[in-house]
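The first residue of the sequence shown is numbered 1, and numbering continues consecutively from there.
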Amino acid sequence: MIKVAPSILSADYVNLQRDIEMVEKGGAEYLHIDVMDGTFVPSISYGPGFVKAIRKVSNLFLDVHLMVEKPGHLIQDFADAGADLIGIHVEATQHIHGDIQTINNAGVKSEVVINPGTPVSAILPILHMVDQVLVMTVNPGFGGQKFLPETVAKIAELNQLKADKGYTYDIEIDGGVNADTVVACYEAGATVAVAGSYVFNDADPVAKINALKTATK
């Protein structure tokens, strides 16, 4: 059964604590927090202070996804704010090894992220260092996009590498996830599913969390 990480990008910010408490009670294991800088992706979201505020009201695993250029200088701030995991894009830094090392040294779990157009080969040198790999199943920056089925092959490739090399990383998917698209991803080896609009844009978000879990039993 897949672990579910509702993305607060699609939550009601005016009633954010209510929404967080609802998905926590509804069985979500993670809370996905998309940090966007307006440069690496067009949108702008929130900073470490937002994570710090969420940490005070939730015991969920805080999965902080940095969609920012040159993420290295932000890592410690988000670790100090209460992130449990920090993910960075291989496309956003010239120093992926050093930045992953910085995350690990900060005492939080590390994640490397690849966009739909980036091959798995781009992250081979650091797979032994990470706790999680995030495969973007849409192009990053906006919620509500349509799932890209060609990304499933990358999940399967990462899962095979995990088995061959004895790695222990989780494989997370993000983008266009619903009870239909999650099945092929789970079968290919995905262990964590980010879901934003699918969960929070529904009248019954808890039912959508349950639907993702039921589809991957």
Side-chain angles (χ1 to χ4, degrees), residues 1-10 23-24 26-34 58-67 83-90 100 103-104 108-116 118-124 126-138 140 143 145 147-200 205-206 208-217:
M1 186 184 302
I2 207 153
K3 291 178 280 189
V4 179
S7 171
I8 60 169
L9 194 63
S10 298
V23 297
E24 186 169 359
E29 291 89 357
Y30 288 15
L31 199 64
H32 192 78
I33 303 173
D34 288 307
S58 178
N59 293 318
L60 283 172
F61 184 93
L62 299 186
D63 174 9
V64 178
H65 175 193
L66 300 185
M67 288 186 274
D84 292 299
L85 176 146
I86 296 174
I88 59 174
H89 281 255
V90 67
I100 292 294
I103 298 173
N104 290 334
V108 299
K109 291 185 180 296
S110 58
E111 173 186 76
V112 63
V113 189
I114 53 174
N115 285 337
T118 301
V120 169
S121 59
I123 59 172
L124 288 178
I126 49 90
L127 284 178
H128 68 286
M129 302 172 64
V130 300
D131 298 289
Q132 187 161 281
V133 180
L134 171 52
V135 176
M136 292 300 301
T137 46
V138 299
Q145 296 184 62
F147 178 83
L148 297 173
E150 60 267 30
T151 58
V152 174
K154 287 199 286 187
I155 299 167
E157 184 178 354
L158 283 161
N159 194 47
Q160 188 62 55
L161 281 165
K162 183 178 173 180
D164 291 346
K165 301 288 187 179
Y167 296 148
T168 58
Y169 52 72
D170 277 305
I171 301 173
E172 185 174 54
I173 55 171
D174 184 1
V177 173
N178 58 44
D180 294 321
T181 58
V182 76
V183 174
C185 296
Y186 180 72
E187 291 175 347
T191 54
V192 184
V194 176
S197 55
Y198 178 71
V199 170
F200 285 116
V206 172
K208 292 300 186 181
I209 293 170
N210 290 333
L212 290 171
K213 290 180 175 292
T214 298
T216 55
K217 279 186 177 178

Reported CD-to-CG distance for the pair Glu111 and Leu66, which is rounded to 0.5 angstrom
9.5 Å
Is Asp174 reaching over with its side chain to a backbone N or O of Val194, donor-acceptor style, under 3.5 angstrom?
no
Is any NZ, NE, NH1 or NH2 atom of the basic residue among Lys3 and Asp170 found under 4.0 Å from an Asp or Glu carboxylate oxygen of the other?
yes
Any donor and acceptor pair, going by atom type alone, linking the side chain of Thr191 with main-chain N or O of Ile171 inside 3.5 Å?
yes
Going by heavy atoms in the side chains, are Gln132 and Asp63 under 4.5 Å from each other?
yes
For Thr118, does its backbone N or O pair with a side-chain atom of Asn115 as donor and acceptor, under 3.5 Å?
no
Can you list the residues that meet the side chain to side chain contact (heavy atoms under 4.5 Å, CB included) rule with Ser197, with sequence neighbours excluded?
Ser10, Asn201
Side chain Thr216, main chain Ile2, donor-acceptor under 3.5 Å
yes
Are the side chain of Tyr186 and the backbone N or O of Met1 linked by a donor-acceptor pair below 3.5 Å?
yes
Would Phe61 and Glu29 satisfy side-chain contact (heavy atoms from CB on, under 4.5 Å), going step by step from the backbone distance to the final call?
CA-CA 7 Å; Phe61 184 93; Glu29 291 89 357; over 6 Å; no
Other residues, nucleotides and ligands only: do more than 12 of their heavy atoms fall within 6.0 Å of NZ on Lys213?
yes
Go through it in stages, so that I can follow the logic: the residues are Leu134 and Val112, the test is side-chain contact (heavy atoms from CB on, under 4.5 Å), and I'd like the CA-CA distance, side-chain angles, deciding distance and then a yes or no.
CA-CA 6 Å; Leu134 171 52; Val112 63; over 6 Å; no
Side chains of Ser7 and Asp34: do they bring a donor and an acceptor to under 3.5 Å?
yes
Taking C-beta and beyond as the side chain, do Met129 and Asn104 meet within less than 4.5 Å on heavy atoms?
yes
Pair Val108, Leu85 - check side-chain contact (heavy atoms from CB on, under 4.5 Å), show working.
CA-CA 5 Å; Val108 299; Leu85 176 146; over 6 Å; no
Rounded to the nearest 0.5 Å, what's the gap from OH on Tyr198 to CG on Asp180? Could you check?
7.5 Å
Pairs touching residues 147-160 that satisfy salt bridge (charged side-chain N to carboxylate O under 4.0 Å, His left out), sequence neighbours left out
none
